[in-house]
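Worksheet for the structure shown next.
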Amino acid sequence: LKSKLGSWSQSMASQPLLSPRRSQSHALHNIQFGSEELPGWMEDHLIKVIRREEGDEKQIDLNRTAGPAMLWGFASLVGLTYFMTALPVIGFYIARCDADKHSDGFAMYPEIILWIIFFLPLAVIVLAAQWKASTFLLVPMLQEIQACNSDTERPPRLLGFRQWYIVMCAFTMFNLLDQMTNALFAAKIYSTKQCNGYDKIQEFWEVAIQKSVPSLMRKSLFLDYMDFADITVIIYIFQLFVQPIFALVFSLPLNIKALNFKVRLSRDDTPPKFKTISDDNSNDEDLTDFKSAVMVLAEVNRMEALVSFDLDYRRALIERLMSDADHYELSAKVHIIEEALEVGLAVLARTAARFCLKGLVQNCLQVNLQVSMQAISKASMPDHFDFFNGVNLGVTMFAVFLDIPDMINIFYFIWWLQDEVDKHVSMSETTFASVKGRIDTMHYRFLRIKIYAVLYVFMAGYALVKLFMALMVCDNGEWNLSDVSWNHNGCVAFELSGINAREWQCNITEYQCHYVS
C-alpha cells in the first residue's frame with residue numbers, strides 16, 4: 001500500500017500547480033493535490049507571504065523554508081528518545097512476578113497504563129511535529145514535483161489529500177507502535193529475570209546458543225558472560241541510541257549558534273550551508289543544507305507524510321538540475337552536477353537511517369530475539385503463552401517486510417542517478433576532477449547500502465523460517481540453521497548432556513553471580 005501511495009504521489013503531481021478559480025495577479029492560489037487543493041492548514045502563513053509577494057510562477061527553494069522544520073525535527077527527536085528510554089525503565093520497576101512460587105510465567109505489568117502514559121503523549125508529539133514541519137515543506141516539494149511532471153499524463157487518483165494524510169499518519173503511528181512494543185519486550189524480559197520461571201528460560205537459551213554458535217564466536221561476542229535478558233536489553237539500548245546519534249551526525253550544525261533557522265522571505269536572502277560531523281572538514285565545499293538535514297530527521301522520527309514525497313522530490317530536483325546543466329558552460333555545469341550529487345548523497349543518508357538502523361539494527365535483530373523467545377517459551381512455559389509477546393512479534397515481523405518495497409524503489413532511484421551522472425560527467429576532462437570525490441563517496445555509500453540490504457533480507461527470511469519451524473515443526477520450539485542436514489531438520493533437542501557450564505554463573509533466586517570452573 002505504501003509503495004503504491006508513493007508512486008501515486010508522483011503521478012498526482014502532474015495536475016496544474018495552481019487552482020484556476022482565481023486570476024488576480026499575485027493572488028494567493030491553492031496548491032493542487034491531484035484533483036483537490038492542498039488545505040490551508042497544511043501551509044504555514046510565512047509560505048503564503050512568499051507566494052503573495054513573489055507569485056506562484058517561481059518555485060520556492062526548499063532550503064528557504066526548511067529551517068523551522070529542522071527545529072521541529074530536533075524537538076520530535078528529543079521526545080522520541082526520552083519516551084523510548086523512560087518506558088522500559090518504568091516498565092521494569094512496576095513489573096511483578098506471579099505470587100505463586102511454582103509459576104513459570106513472565107513478569108506482568110499494567111500494559112494499558114503504560115500505553116496511556118507513554119504511547120499517547122509520544123504519538124501526539126511526533127504527529128504534531130510532522131504536521132508543523134509539513135506546513136513548511138510540502139508546498140515547495142509539491143511545486144518541484146508538479147513542475148517536473150506537468151507534461152505527463154496523470155493516472156486515476158487513488159485518494160484525496162485528507163485520506164492520504166490519514167494513511168500517512170497511520171504509517172507513522174505504526175512505526176511508533178513498533179518501537180513501543182520493542183521497549184515493552186525488553187522491559188518484560190528483564191523483569192522476568194527476577195521470577196522463578198526465568199531459570200528455565202535461561203537453561204533452554206543456554207542449550208540453544210551452545211549448540212548453534214561456535215565457542216570462539218561466543219567468547220568473542222561475550223555470549224558466555226551474558227544471559228538472554230542481558231542480551232535483549234543491550235540490543236535494545238544499542239538500537240535506541242544509535243538512531244538519534246546517526247541523525248545528529250548528519251543534521252546537527254557544528255556552528256549551530258551562528259545559524260538562523262528562520263524562513264527566508266526574500267529570494268535574495270540565501271539560506272546558509274553548514275558543516276556537520278558527517279562532512280569532510282578538510283574540504284570547504286563539503287557542506288550540508290537544510291533540505292538534506294531535515295529529511296534525515298524526518299526519517300528517524302518516522303514522519304511518513306514527508307518521507308513518502310522525498311524520492312519524488314529528489315528525482316524532480318535532479319532532473320531539473322541535469323537539464324539546466326546542459327545549457328551552461330563547463331565550469332557552471334560542474335557546480336550544478338555537484339549539487340545533484342549532494343541530493344543523491346542525502347538520499348543515501350536517509351536510506352542508511354531507514355534500512356540499516358531501523359530495518360537491520362532495530363527490527364531484524366529484534367525480531368530474531370523475539371522469535372527465539374517465542375520458541376523457548378513454547379518449551380519452557382507451555383501453559384503460559386504470552387499474548388503480548390505474540391502481538392509484539394507480529395508487529396515487528398510486519399514492520400520488517402513493509403520496508404522491502406521502499407528498498408527496491410530506492411535502489412532503482414540510485415541506479416537512475418548513477419546513469420544520469422555518467423551521461424553528464426566525463427572523467428577524462430580535468431574540469432570534472434572536483435566532483436570525482438563525491439562520485440566515489442556515492443559509490444561507496446551505495447555499496448554499503450547493498451551490503452545492508454543483503455543482511456536485511458537474510459535476517460528477515462531467517463526469522464520467518466525460524467518462526468515457522470518453531471511453531472509448526474519443532475516440538476521443543478527452537479530451530480537452528482547450522483543443524484540442518486539431509487538427516488536432520490534443524491530442531492534443537494533440549495538435552496543438558498554435552499553442554500558445558502558457563503564460566504559466569506548467575507543464581508537468579510539469590511541474585512548472585514560468580515565464576516565457575
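The structure presented is a predicted model; accordingly, all values stated were derived computationally and were not measured.
- When atom types are taken as modelled, the side chain of Thr172 and the backbone of Glu304 share a donor-acceptor pair closer than 3.5 angstrom.
- Around CD1 of Ile112, the count of heavy atoms belonging to other residues, nucleotides or ligands within 6.0 Å does not exceed 12.
- Side chain of Asn255 to main chain of Ala258: no donor-acceptor pair is present (N/O by atom type, distance under 3.5 Å, no hydrogens or angles).
- Phe118 and Phe83 have perpendicular rings, their planes meeting at more than 60° on a 0 to 90° scale where under 30° would count as parallel.
- Checked against a 6.0 Å centroid threshold, the rings of Trp416 and Tyr412 do not count as neighbours.
- Between the side chain of Arg64 and the main chain of Pro271, no donor-acceptor pair closer than 3.5 Å is present.
- The side-chain tip of Lys188 does not point at the ring of Tyr190 from less than 6.0 angstrom away and within 45° of straight on.
- Of all heavy-atom pairs spanning Ser76 and Val126, the tightest one is OG-CG2, 3.7 Å.
- A salt bridge does not link Lys132 to Glu43: none of the charged side-chain nitrogens sits closer than 4.0 Å to a carboxylate oxygen.
- Gln130 places a side-chain N or O within donor-acceptor distance of the main-chain N or O of Ala305, the cut-off being under 3.5 Å.
- Here Arg314 pairs with Asp310 in a salt bridge; the nearest charged N to carboxylate O distance falls below 4.0 Å.
- The ring of Tyr236 has its center no closer than 6.0 angstrom to the ring center of Phe185.
- Checked by atom type and distance alone, the side chain of Asn175 pairs as donor or acceptor with a backbone atom of Phe171 at under 3.5 Å.
- Ring planes of Tyr165 and Trp41: perpendicular class, angle over 60° (limits at 30 and 60°).
- Aromatic ring centres of Trp115 and Tyr109 lie farther apart than the 6.0 Å criterion allows.
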